[in-house]
Structures are given as C-alpha cells and as structure tokens.
Protein chains: 2
Amino acid sequence: MTADDPRRAYHHGDLRAALLLAAEAELAERGVEAFSLRQVARRAGVSHAAPAHHFGDTRGLLTALAAEGFHRFLAAQAAREMRAAADPQAQLVAAGLGYIDFAMGRPALFRLLFGSDRLDFTDAALDAASTEAYLHLRDQVQMTGGTETDAAAVWAMAHGLADLLANGRLKPILVLPQEAREGVLISLLTRVFPAANLGPTADPVSDTDQT
Amino acid sequence: MTADDPRRAYHHGDLRAALLLAAEAELAERGVEAFSLRQVARRAGVSHAAPAHHFGDTRGLLTALAAEGFHRFLAAQAAREMRAAADPQAQLVAAGLGYIDFAMGRPALFRLLFGSDRLDFTDAALDAASTEAYLHLRDQVQMTGGTETDAAAVWAMAHGLADLLANGRLKPILVLPQEAREGVLISLLTRVFPAANLGPTADPVSDTDQT
DNA sequence: GCCTTTATCTTTACACTGTCAGGATTGGTG
DNA sequence: CACCAATCCTGACAGTGTAAAGATAAAGGC
C-alpha cells in the first residue's frame, strides 16, 4: 500500500514513520529554513493537520527527525569503523571520516542536528541519541589513551571540517578527487590526535558530561 | 532627526542602515529560522513593505546583513590581534580567539554567515566580504610559513570550536571561567599549527594579553 | 454479534508571513 | 515653480503554523 493509495482514507497504518520519511525528503530538498509542515503532510498524502497528532507541532517533528538523525549519524561512523583496522587510532580516524561522510551526504540533516534552534533537547529520545553520539566519541578517544581535552580537540577538528565542507567552504579540499581528498582529511584529523602531543599532562577540562 | 522621531513620515533619511540594525537585533532575539521581515519593519517603525525597496526581498536583507557581519567578524579578530604579540604565531592564535569571540558573542549572526541557505553568495558585497575573511586567514598562515593545508587545519579547528561553542555544545569548556577557558582554547588552537609538527617549540602565545 | 470507547485523521478557522501592484509623499532638479 | 525620481504606504493574495471541533475506523466489553 503506497502513500498515494486512494483506498486508505483514515488510519494510514504507519503515518508516523511515513511523516518522518517525508520530512527527511523535504529537509533535503528545501533545507532547514524553508521547511514546511504542510508540505510534509502533502508529500505523505495526508491532511495538513495530521502531523499534529503524532508530533504536536513542527518543533516536535523536527525533534523526532533529529533523534533518528543522530542514529544515522552514528551509523555513518560505524560503517567506516567496520572497514578500518582494529587499533584505536584507526578506529578514531574512521569515526572522523564517518562524521564528515554524514555531513556531506546529508548536509541539511547535519545542520539540523548541530545548528538549529528548532530542536527540543529536553526531549528524552533526542537527548538520549545526542549523548549517545558524544559518548561514542569520548570512548573512542579514551581507547587511544587520550583525555577529555583530547576528545574536545578531535571533536572540534572533525566538526569543523564537516561543517565547512557541508556548507561548501574549504573549496581547495572540496574539489579534490575522492582519493586525494580522503588523504588530506586523514592527515588533518590525525594532527590533533592524542599521540601527536606526547607526555602525560593534567587534563584541564573536568570530566563532566557534555552533549 | 532620530530614528524614532514621529515626525518623519516619509523619507526616513537612513532607513537602509536602520533596517540593518533592526534586522541584526531581530536575528539575535529570534534566531535565523524565526526571522521575520515584517517584524524587522515593525521594529524600525516603518511599513511592512518598506524593506523591499532597499533590499528586494528577505534574502536580500539577510545577504546585506551577512556582508556587514563578515566585516564585524574580521573586526573581532583584529581586536584580538591588536592586543597580541607581533609574531605571526601569536597573531594566528589571536585571530582564532577572535573567531570564537564572534561566534559566542553573536551566535545567530555567526550561523547566518556559515550555516544558512538564505544567502546569495553571488552578491558582490557578500562575496567580497566573505573572501576577504578567508584571505585574511590564509595570509596569516602564510606568515607563519604554513601551507594551504595548514590554513585548512587552522580554519577547521577554529571553526569547529566556534560552531560547537556557539551552539551550546562542548559544555565542559563552556562552563570554565573566562581565564581557564581561554587557556584551553589556546592549547587546542596551537595543536594544529604548522610549527607544532616541528617538535617542541617555545609557547607562541606566552606573552599574549590575557584580559 | 453489537455497542461504546478510543485513537486517528479531516475540516474549518484565525493570525501571521513574504511578496506583488498600485498609490501617496517628499526632496531635488530643471 | 513645476516636474521627476526616489522613497514609503496601503491593499491584496497565496501560503504557513496551530487550535478547535467534527468524522471515521479500530479495539474492547457485553
């Protein structure tokens, strides 16, 4: 039963999932700032007020979409990690590349996750997904023997590259062929790795949770 | 004749500047995604269609605001550079700190510059201001003897920190007192510096003003 | 089986938004 | 002084988010 099957008048069956799918497509096509709730409803073949019942308002829909987005975000990193060597350093590089993969592959969704003020981070699902993403990074850095300051360094580097590339900046890197670009990104990511600055120093950043 | 002089019915005198000022305030209060052109007009005490004559449409207004924003962005860096030592390394650190100052001081404007799809980058003024900002960074890196890859590294690190902090992430760093936070940021920025690859060197920011 | 309850979706309505067309007002120029 | 061009306003239209109330289908009790 497709979305535009005229038979289903009421009780779509799985409207919530269908709306999330339509919302993601709308987000990719129109961007975060031109996102329209009624347009999402139209794409799902449903009345314009139908989403309200499942998500409350637009913010609720985007929040749910972001929670799902964080899982895809982690999946993108996991995909890289699976094809990388098992040692912690290689795993950390792979995670960084997955981070960038996600940002370049779904720039609008990426910006929703990290640069939108239309998300409700008190939402349980979003909060869980978001902290899960951070903990994954922190654990990986710990595996390499790095401190939380190292985690911040790795995060900032990966995020900076991802955000700039997703927004069309860093053109010198953007125009490189896939192979060469990946080499540059790897060299940039490894610059901030814990092993690069030898010597155990006190971690100036307290180990509280961060999201 | 001030801006809120009720006498001025027509011919505001400097409506373009007044609208940009109102737009910046609206941006700071409501964020990029809830930005409203009519609200800007109301704040400037003018009819809802008045902005059209000066900026065309909303995109035009935001584009002009972004062009001005890039100048403020450079000014924030210059303010730091002026109070820093003259050597290229210290200047580069200062620029990075100014980058972060700007992002944290005006997060909405920062996001407009680097993460909005409502800007017209074919606009001459915006293009000029934007490339000027990039060239400033590239020149500074060249002063330290760095390559273009080094410039990308410095940019990504500064931008990653700025964007994450502006969006409320990296809370462990965010909650630190001004003094300690700046120390951490400096140590993170210097990690990716060209000279960092040449082994232990003197702290490039040892004599930086710490106000 | 039938009737009631509940979840789901629709219809209707309202205030708000961006943008366009046309009209009003003013400062400057001949 | 009369005209012109720049500037700003009024009015209109389609589109948006959200709330209220109604319609329909599925589920559960008898």
Using atom CG of A:Leu19 as one end and atom P of C:dC9 as the other, report the distance to the nearest whole Å.
8 Å

Is A:Arg16 side chain donor-acceptor paired with the C:dT8 base, going by distance under 3.5 Å alone?
no

Pair B:Asp57 + B:Arg118: basic N to acidic O under 4.0 Å
no

Would one find a side-chain N or O of B:Ser36 under 4.0 angstrom from OP1 or OP2 of C:dG18?
yes

For B:Glu29, salt bridge (Lys or Arg N to Asp or Glu O under 4.0 Å) partners two or more places apart:
B:Arg43

For D:dT10, does either OP1 or OP2 sit under 4.0 Å from a side-chain N or O belonging to B:Ser47?
no

Under 3.5 Å: donor-acceptor pair, side chain of A:Arg181, backbone of A:Ile173:
no

Go through residues 49-64 of chain B and report each residue with a non-hydrogen atom lying under 4.0 Å from DNA chain C, sorted by number.
B:Ala49, B:Asp57, B:Thr58

Expected list for residues 124-131 of chain B: side-chain donor-acceptor pairs under 3.5 angstrom, two or more places apart:
{"residue": "B:Thr131", "atom": "OG1", "partner": "B:Asp127", "partner atom": "O", "Å": "3.0"}
{"residue": "B:Thr131", "atom": "OG1", "partner": "B:Ala128", "partner atom": "O", "Å": "3.1"}

Give me the residues of residues 111-121 of chain A where at least one heavy atom lies under 4.0 Å from an atom of DNA chain C, by number, or none.
none

Under the 3.5 angstrom rule, does the side chain of B:Thr63 hit a backbone N or O of B:Asp120 as a donor-acceptor pair?
yes

Hey, would you say the B:Phe114 and B:Phe73 ring centroids sit under 6.0 Å apart?
yes

Ignoring hydrogens and geometry beyond distance, is the side chain of A:Arg38 in donor-acceptor contact with the base of D:dG17 at under 3.5 Å?
yes

C:dC16 C1' sits how many Å from A:Leu37 CG, rounded?
15 Å

Separation of D:dA26 C1' from A:Asp14 CG (nearest whole Å):
16 Å

Specify the separation, in whole Å, of atom CZ of A:Arg42 and atom C1' of D:dA14.
11 Å

A:Gln39 CD to D:dT18 C1': how many Å, rounded?
18 Å

Among residues two or more places apart or on two chains, list those pairs meeting salt bridge (charged side-chain N to carboxylate O under 4.0 Å, His left out) that have a residue in residues 91-113 of chain B.
A:Asp117-B:Arg111, B:Glu24-B:Arg106, B:Arg80-B:Asp101

Residues 132-139 of chain B, side-chain donor-acceptor partners within the protein, below 3.5 Å, at least two apart:
{"residue": "B:Tyr134", "atom": "OH", "partner": "B:Glu148", "partner atom": "OE2", "Å": "3.4"}
{"residue": "B:His136", "atom": "NE2", "partner": "B:Glu81", "partner atom": "OE2", "Å": "2.7"}

Check for a donor-acceptor pair, side chain of A:Arg38 on one end and backbone N or O of A:His48 on the other, with a separation under 3.5 Å.
no

Does any N or O donor sit under 3.5 Å from an N or O acceptor when you compare the side chain of B:His48 with the base of D:dG11?
yes

